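Report on the structure given below.
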Amino acid sequence: MSNPATPPRSLAEALRARDDASLAVLLRARPDLITPVPTDLTQLATRAGTRASVLRALERLDRFALQTAEALAVAGDPASYQELLGLMAGDGGDPVVAGELPRAVAALRDQALVWGDDDRLRLVRTAREVLAPSPQHPSPTGLGPTVREATSGMSPGRIQELVAAAGLPSTHDPVSAVEALTKLFGHRKKMAKLLAAAPAESREVLSRLVWGPPYGQITPEPAAHLRWLLDRGLLLPTAPGTVVLPREVALHLREGRAHREPEPVPPAVEPGAVHRPQVVDATAAGQAYTALATVEELLKDWDEGGPAVLRAGGLSVRDLKRTAVALDLPEPIAAFWVELAYAAGLLATDGEADERYAATPAYDEWLDRPPAERWAQLAEAWLTATRTSGLVGGRDAKDRALSALGPGLDRSAAPEVRHRVLTLLAALPEATAPAADSVLARLRWERPLRGPQVGVPPRERSRAWGSDDDLRGRLARWTLSEAELLGVTGRGALSAHGRALLGAPPATATTAATSAATSAAASAGSGAGSAAKAASAAQPTGPGDKLPVHHHHHAPGFPAPAPLSPPEQAVAAAAAGRLLTPLLPEPLDHVLLQADLTAVAPGPLRRPLADALGVLADVESKGGATVYRFTPASVRRALDAGRTASDLHAFLAEHSRTPIPQPLAYLIDDVARRHGHLRVGAASAYVRCDDDTVLNEIMADKRASGLGLRRLAPTVLATQADPAALLEGLRAMGYAPAAESAEGDVLITRAHAHRTPPRTAPEPVPDGPPPPDSTLLTAAIRAIRAGDLAATTPRKSTGAAVRGGELPRTTPAETLATMQAAVLTGDTVWIGYVNAEGTATQRVIAPIRVEGGFVTAYDHTADEVRTYPLHRVTGVAELAED
């Protein structure tokens, strides 16, 4: 990177020296900086230094870039690149750290967290405040305050005592005394000599504090080995009973390292199991078919209106349990399918007074689509949804229960984590399942948690990151299990259609470098750090190295490209569906009838057959083959739907590969013979039957006492119960009554599907402003440059001083004369302008024409020709010729 002749004195000047491509990198990595678009580069620099924006940027750094920022926070301000390298690599040096440090510094520069030349690197003030050590917020490096900071409240006499005890000559003032101590503690040979004379117990105390926390407690009368350290300033008091290890002393004991274990390269994602690609794709396709069947079964169960909506929103615990029992699934998995149907727009609330959940009209459209397209819609909804079913059953920040379909389940990081986990799987050799812990370790390196993890080795930090206390770790684990449920992966490995869902190219033979790296990592084990580093270096650091189809420009230090845009994701989902189509089983048009009143469907049935069979029989078991059982109630259900006995015989004969068993034929004929023999209508309700002996049996049956029946005629009974209750009561007694209309015709009862009004799928909750597209970036940079030109262009003196930020002021006559002169000479001028809303701005314009009280000019600020009313121009000033 070429340095300007004059070093920048501020972040604004550093940004002003950047070209448009460099500004685009910054704005793409930190989109909050152009929401809204700043007026000039000074405002952009101010916004880039705000606490909220800096924290967001720090959270998106990879582990090594964050370690570099942490080291700069404890270095001098400004610090040279060599000083930074010493803090990162230590006195002995580290070639891997030295090789990766330029990338980390470039990442920090690109995101405007660091500015200045290599000999004057400055961390933005807010980042230094966040990362620098303090008693309230220890540094992630484990370092404490400097000698100068720790002695700021100490008396001059006490400082001179420390200097004398350390073997240094006395000085005339405390400032020079502190400088002398600082130089001593930073001198390797002199410090080694001083510590060699320390008691063993004193060195033990220092070893316990060296990697942090640097603070310790002492008694009012410290032991001799502690007194030895206190007398020489190797421990300095910060409060009554509290001492701290100065930063310079700790760095000497650490051999110059700011971090115990620098992590310059990402850990490799280790293979867990290797399968044949055909097995992976077939397993994933089977899971995809099961996913479709589960969603259909869920919404069919809610077809006539699902569970009621809680007052606070969502499903009750009881309704979720009922749904889980109906689907024969554990409650967390049932919650996943419910949330997935909701995210895909297939399920919503009906909006009625007694609000319930029901299928949407989009569900009927979804059912009519081919199976692979239906799966693609579910997979796309899952990949992009921010609602997180794994949180169901937990508690929110206010200790309120989180329920399925309820509020509080959106987590903006979920789509990014899902996409990144699958991308890491795509970078492995084909049909290879990863070791889950290595995926967590890689994600932990790419997005480490902010905050102090003092003295915690990387392996322990990775385990802590995957614990239940951390959302991103749980999201990663949920992604691995949900991808398997949905059929994106099979046996833990990414399937061919799962790879297409990411927009990645089909898997090919693994490169030799990747294979060698994986083998090295597998054989090295946890104790061989150098082999692990070699494997990590050989493996691609981001999916862009492995997956060249989809590219997103990203700043160095961001190893993962952004997820696909919505149009790109729709195209990728359609491609995934096409790959899945030949793997799904063909629907069948037949069943196998058996003598035990069951029918076996040896595979998925065509929809008309499945719907008709679902009315005529009850599902007894599901799996690779579905077993249906015929019962009197199920046959009566078919008869109630308008079928006759002959219709049922013909239906079964047409769709069975085996003859109709005699018991089933007898069952159908027996139920049909009794069906409709009794007729129920409204009296409130009545029963009529041509055979009065049947009515006599009903009247004599004790079970009919609750119905309140009375005889109106030899063939008619009446009751105050409603017709539906009478129907149910008689059916419970073993009869097969049929409902009739006021005209005496048999009513055909079909299950009516309850649908919500048209509903759109829930919108994902974004994690801050979305990354800007190229069009927005170009317009934003042009506006910022133009505004900066207006704010920084030199102006000629107008006789009255114009302070920074003020608009020029001239009389109307002076304004008109200057504008007319600029038209003749072609000069560019600086004006103040107040628009119709009263907003005052400053602009740089080149007047083209002045007439009728208006000036037409090329506006450099807006980069277009505009016309301005002269009465809204506050004043005009000529620009300096240079």
Side-chain angles (χ1 to χ4, degrees), residues 1-19 21-22 25-26 29 45 48-49 54 57-58 61-133 139-141 143 146 182-183 185-188 247-248 250-252 254-266 533 537 541 555-559:
M1 179 176 177
S2 60
N3 295 328
T6 303
R9 294 170 297 176
S10 65
L11 177 59
E13 288 191 6
L15 294 178
R16 200 164 282 124
R18 291 192 179 195
D19 56 20
S22 180
V25 170
L26 168 63
V54 168
L58 290 175
L61 293 176
D62 66 47
R63 180 62 192 159
F64 190 60
L66 183 58
Q67 285 184 326
T68 303
E70 292 166 353
L72 279 171
V74 297
D77 187 23
S80 68
Y81 182 86
Q82 290 302 318
E83 181 183 354
L84 175 63
L85 179 60
L87 287 171
M88 295 300 295
D91 296 341
D94 186 328
V96 179
V97 169
E100 290 295 323
L101 188 59
R103 177 197 63 80
V105 173
L108 296 174
R109 271 203 182 107
D110 284 344
Q111 296 190 65
L113 294 172
V114 167
W115 59 276
D117 301 333
D118 282 352
D119 58 343
R120 295 180 63 83
L121 294 173
R122 291 185 182 272
L123 192 66
V124 294
R125 185 183 63 213
T126 308
R128 178 174 288 274
E129 292 172 354
V130 170
L131 299 175
S139 168
T141 62
L143 293 170
T146 62
T182 301
K183 290 180 179 179
F185 294 160
H187 196 288
R188 295 291 185 260
R247 187 182 307 171
E248 293 84 355
L251 285 174
H252 171 80
R254 296 180 179 195
E255 297 182 346
R257 285 186 183 272
H259 299 89
R260 174 179 285 186
E261 294 183 43
E263 300 173 60
V265 294
K533 286 182 179 179
T541 59
F558 278 71

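The model shown is predicted, which means the values in this text are computed figures rather than measured ones.
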Can you name the residues that form a side chain to side chain contact (heavy atoms under 4.5 Å, CB included) with Thr146, not counting sequence neighbours? Arg148, Glu149, Arg247, Glu248

CG (Leu87) and OG1 (Thr141) are apart, to the nearest 0.5 Å, by 9.0 Å

Just how far is it from atom CG of Leu26 to atom CD of Gln111, taken to the nearest 0.5 Å? 8.0 Å

Under 3.5 Å donor-acceptor, Gln67 side chain and His259 backbone: no

Run Leu251 and Arg257 through side chain to side chain contact (heavy atoms under 4.5 Å, CB included) and show every step you take. CA-CA 6 Å; Leu251 285 174; Arg257 285 186 183 272; over 6 Å; no

Donor-acceptor contacts, no H, no angles, side chain residues 11-18, under 3.5 Å, sequence neighbours left out:
| from | atom 1 | to | atom 2 | distance (Å) |
| --- | --- | --- | --- | --- |
| Glu13 | OE1 | Arg9 | N | 3.0 |
| Glu13 | OE2 | Arg9 | NE | 3.1 |
| Glu13 | OE2 | Arg9 | NH2 | 2.8 |
| Arg16 | NE | Asp788 | OD2 | 2.6 |
| Arg16 | NH2 | Thr42 | OG1 | 3.2 |
| Arg16 | NH2 | Asp788 | OD1 | 2.9 |
| Arg18 | NH1 | Ser22 | OG | 3.4 |
| Arg18 | NH1 | Asp110 | O | 3.2 |
| Arg18 | NH2 | Arg109 | O | 2.2 |

Phe64 vs Val97, side chain to side chain contact (heavy atoms under 4.5 Å, CB included): CA-CA, chis, key distance, verdict: CA-CA 9 Å; Phe64 190 60; Val97 169; 3.9 Å; yes

Could you work out, with side chain to side chain donor-acceptor pair (under 3.5 Å) as the rule, every residue matching Arg188, not counting sequence neighbours? Asp91

Would you list the atom pairs, donor with acceptor, under 3.5 Å between side chains in residues 121-129 and any protein atom, with sequence neighbours excluded?
| from | atom 1 | to | atom 2 | distance (Å) |
| --- | --- | --- | --- | --- |
| Arg122 | NH1 | Asp77 | OD1 | 3.4 |
| Thr126 | OG1 | Gly49 | O | 2.4 |
| Arg128 | NH1 | Ala73 | O | 3.1 |
| Arg128 | NH1 | Ala75 | O | 3.4 |
| Arg128 | NH2 | Leu72 | O | 3.0 |

Which heavy atom of Gly116 sits nearest to which heavy atom of Pro8, and what is that distance? CA-CG, 4.3 Å

Which heavy atom of Ser139 sits nearest to which heavy atom of Val74, and what is that distance? OG-CG1, 4.1 Å

At what distance, to the nearest 0.5 angstrom, does CG of Leu61 lie from CG of Leu108? 6.0 Å

Spacing of Leu131 atom CG and Leu113 atom CG [to the nearest 0.5 Å]: 9.0 Å

Which heavy-atom pair separates Arg254 from Ala258 by the least distance, and what is that distance? NH1-O, 2.7 Å

Between Arg103 and Pro264, what is the shortest heavy-atom contact and its length? NH2-O, 4.1 Å

Indicate the atoms forming the closest heavy-atom contact of Ala104 with Ala65, along with that distance. CB-CA, 4.0 Å

Mind checking the CD-CD spacing from Glu100 to Glu263? Nearest 0.5 Å is all I need. 12.5 Å

Check whether any side-chain N or O of Asp117 sits under 3.5 Å from a backbone N or O of Asp119 as a donor-acceptor pair, and report yes or no. no

